[in-house]
Amino acid sequence: MPEGHTIHRLARDLYRAFGRRPVAASTLQPRFDGGAAQLDGATLTRADAHGKHLFLTFRAQRPADRCLHVHLGLYGKFPIATAPALEPRGALRLRLENEERWADLRGPTACELVSPVEREVILARLGPDPLRSDADPDRAWARISRSKVAIGALLMSQDVLSGIGNVYRAEVLFRHAINPYREGRLLRRVDWDAIWLDLCVLLREGVRAGRIVTTRPADRPRGRARREDSFYVYRRAGEPCRICGTEIRTEVMIGRNLFWCPYCQPA
DNA sequence: GCTAAATGTTGAT
DNA sequence: TCAACCTTTAGCT
């Protein structure tokens, strides 16, 4: 289940597994029959991620290059495995396969072939992505610094900045002692600069590790690393804050469960 | 075995 | 604000 780091890692891994040579494509879902047929036998020439959106560019024999747009949504998966492939089964949206590897896409919000123009329309909606070298954090600041919307909601808005989801939103606000309900326009520039820099570091570490870890080593219990020690506040409602011991609070903000420490992140 | 919730987005009300 | 999309898993019985 994906925030931006998952998609960037997926783009990298798909290109390593399938890039630069023909790939077999198939589906068990009639709605994607046409799409899979167009990709079958094509060569993957590019895989890139913008926020939570994945674009796979294929060079086909005819009539022109095809671009596959994938968004995993909340529970989409696209795991890559080593041959031999298992029998295709269930709600399989797309299988990519070559001699060595196979990957099954299941449960995505989006899986569609798009034209260059359609791709640009999608990209135009997205704010800067901390994982991209071409990202301009000033674009996000221009929106945030004028907004009466809570920073906890702004961080989740993919048109303000892209790639951040519910875990990174909660965790980065904790790391900077920012109350999630503070209006964007009341944020200080130095706070935004620090948040952006931190997101760049955290997301890059997420790509490397393949999972989200936001706690500093000194703030984790000693001993063997456990998944539940990876976060300061996410999904820790009612548990004691790792820094001050205050009970972590939770409330729904823009339809998602928000978590924060009322002492470390005062209003 | 069943239910609810989950790192997300869109479109209708 | 809510349902829908669609799959997996954690936490119950």
Side-chain angles (χ1 to χ4, degrees), chain A residues 1-11 13 27-32 35 49-55 69-81 86 88-95 103-112 114 118-119 121-127 129-131 149-150 152-175 180 198-199 202-215 226-239 248 250-260:
Chain A
M1 290 172 247
E3 295 191 25
H5 69 296
T6 306
I7 311 308
H8 281 261
R9 186 182 167 95
L10 182 57
D13 292 346
T27 182
L28 291 181
Q29 297 191 317
R31 62 173 149 170
F32 200 59
H50 293 255
K52 302 168 189 172
H53 296 257
L54 173 69
F55 295 92
H69 170 229
V70 173
H71 194 298
L72 292 182
L74 185 53
Y75 28 63
K77 286 210 169 28
F78 206 167
I80 302 166
L86 297 177
R89 60 182 180 77
L92 175 59
R93 186 73 61 88
L94 173 66
R95 169 173 288 187
D104 280 0
L105 173 63
R106 297 172 185 279
T109 291
C111 173
E112 56 182 357
V114 295
E118 290 169 321
R119 175 190 156 106
V121 168
I122 293 166
L123 294 182
R125 288 200 313 257
L126 296 176
D129 173 354
L131 281 173
V149 174
L154 289 168
L155 287 179
M156 296 276 283
S157 303
Q158 302 299 302
D159 57 336
V160 174
L161 69 166
S162 58
I164 308 308
N166 205 20
V167 178
Y168 283 122
R169 132 170 112 166
E171 294 294 309
V172 81
L173 289 174
F174 178 89
R175 286 169 60 98
D198 204 23
L199 286 171
L202 290 175
L203 281 157
R204 199 151 297 289
E205 180 57 20
V207 173
R208 195 195 63 75
R211 67 191 187 100
I212 302 175
V213 177
T214 59
T215 45
R226 296 179 307 168
R227 175 161 290 270
E228 57 265 38
D229 300 330
S230 303
F231 308 130
Y232 285 107
V233 292
Y234 178 71
R235 288 242 245 171
R236 296 193 67 241
E239 295 177 47
I248 301 303
T250 184
E251 256 174 42
V252 173
M253 180 188 275
I254 55 162
R256 312 297 303 281
N257 291 320
L258 169 70
F259 304 87
W260 80 102

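Keep in mind that this is a model prediction, so the values were computed, not measured.
- A/Leu74 places its CG atom 6 Å from the P atom of B/dT7, with the value rounded to the nearest Å.
- Here A/Lys52 does not reach the OP1 or OP2 of B/dT7: none of its side-chain N or O atoms lies under 4.0 Å away.
- Using a 4.0 Å heavy-atom cutoff across all strands shown, A/Arg125 reaches sugar-phosphate atoms only and no base atom.
- Closest contact between the side chain of A/Glu3 and the listed nucleotides C/dC6, C/dT8, B/dT7 involves B/dT7.
- Rounded to the nearest Å, the gap between the P atom of B/dT10 and that of C/dT8 is 23 Å.
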Checklist entry - Hey, mind stepping through A/Glu171 and A/Val233 against side-chain contact (heavy atoms from CB on, under 4.5 Å) and telling me if it holds? => result CA-CA 6 Å; A/Glu171 294 294 309; A/Val233 292; 3.4 Å; yes
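- Here the straight-line distance linking atom CD1 of A/Ile212 with atom OG1 of A/Thr6 works out to 6.5 Å at 0.5 Å rounding.
- Straight-line distance from the CD atom of A/Glu112 to the P atom of B/dT10: 10 Å, rounded to whole Å.
- Closest to the A/His71 side chain, of the nucleotides C/dC6, B/dT9, B/dT7, is B/dT9.
- In this model, a donor atom of one side chain and an acceptor atom of the other lie less than 3.5 Å apart for A/Arg211 and A/Ser230.
- Annotation for A/Asp104 and A/Pro79: closest pair O-CD, 3.1 Å, computed over non-hydrogen atoms.
- Looking at residues 231-238 of chain A, you'll see A/Tyr234, A/Arg235 sit with a heavy atom under 4.0 Å from some atom of DNA chain B.
- Counting to the nearest Å, the P atom of B/dT9 and the CG atom of A/Leu54 are 14 Å from each other.
- Going from atom CZ of A/Arg93 over to atom P of C/dC5 covers 12 Å, rounded to whole Å.
- Of the possible donor and acceptor atoms, none in the side chain of A/Arg93 sits under 3.5 Å from a partner among the backbone N and O of A/Gly107.
- Not a single side chain to side chain donor-acceptor pair (under 3.5 Å) links A/Arg125 to another residue, sequence neighbours left out.
- Between the CG atom of A/Leu72 and the C1' atom of C/dC5 there is a distance of 14 Å, rounded to whole Å.
- For A/Asn257 and B/dA5, the shortest distance from a side-chain N or O to OP1 or OP2 is not below 4.0 Å.
- Comparing B/dT10, B/dG8, C/dC5 by their nearest atom to the side chain of A/Tyr75 picks out C/dC5.
- Rounded to an integer number of Å, the gap from CZ of A/Arg169 to P of B/dT9 is 12 Å.
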Next on the checklist: Run A/His53 and A/Ile7 through side-chain contact (heavy atoms from CB on, under 4.5 Å) and show every step you take.
Outcome noted: CA-CA 7 Å; A/His53 296 257; A/Ile7 311 308; over 6 Å; no
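- Within the 4.0 Å cut-off from OP1 or OP2 of B/dT7, at least one side-chain nitrogen or oxygen of A/Arg256 is found.
- Residue A/Arg31 is classed as a sugar-phosphate contact, given heavy-atom separations below 4.0 Å to backbone atoms only.
- Between the NE2 atom of A/His53 and the P atom of B/dT9 there is a distance of 6 Å, given to the nearest Å.
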Checklist entry - Step by step, would you call A/Trp260 with A/Glu251 a side-chain contact (heavy atoms from CB on, under 4.5 Å)? => result CA-CA 9 Å; A/Trp260 80 102; A/Glu251 256 174 42; 4.0 Å; yes
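- Nucleotide C/dC6 holds its C1' atom 13 Å from the CG atom of A/Leu92, rounded to whole Å.
- Between the P atoms of B/dA5 and C/dC2, the separation comes to 14 Å (whole Å).
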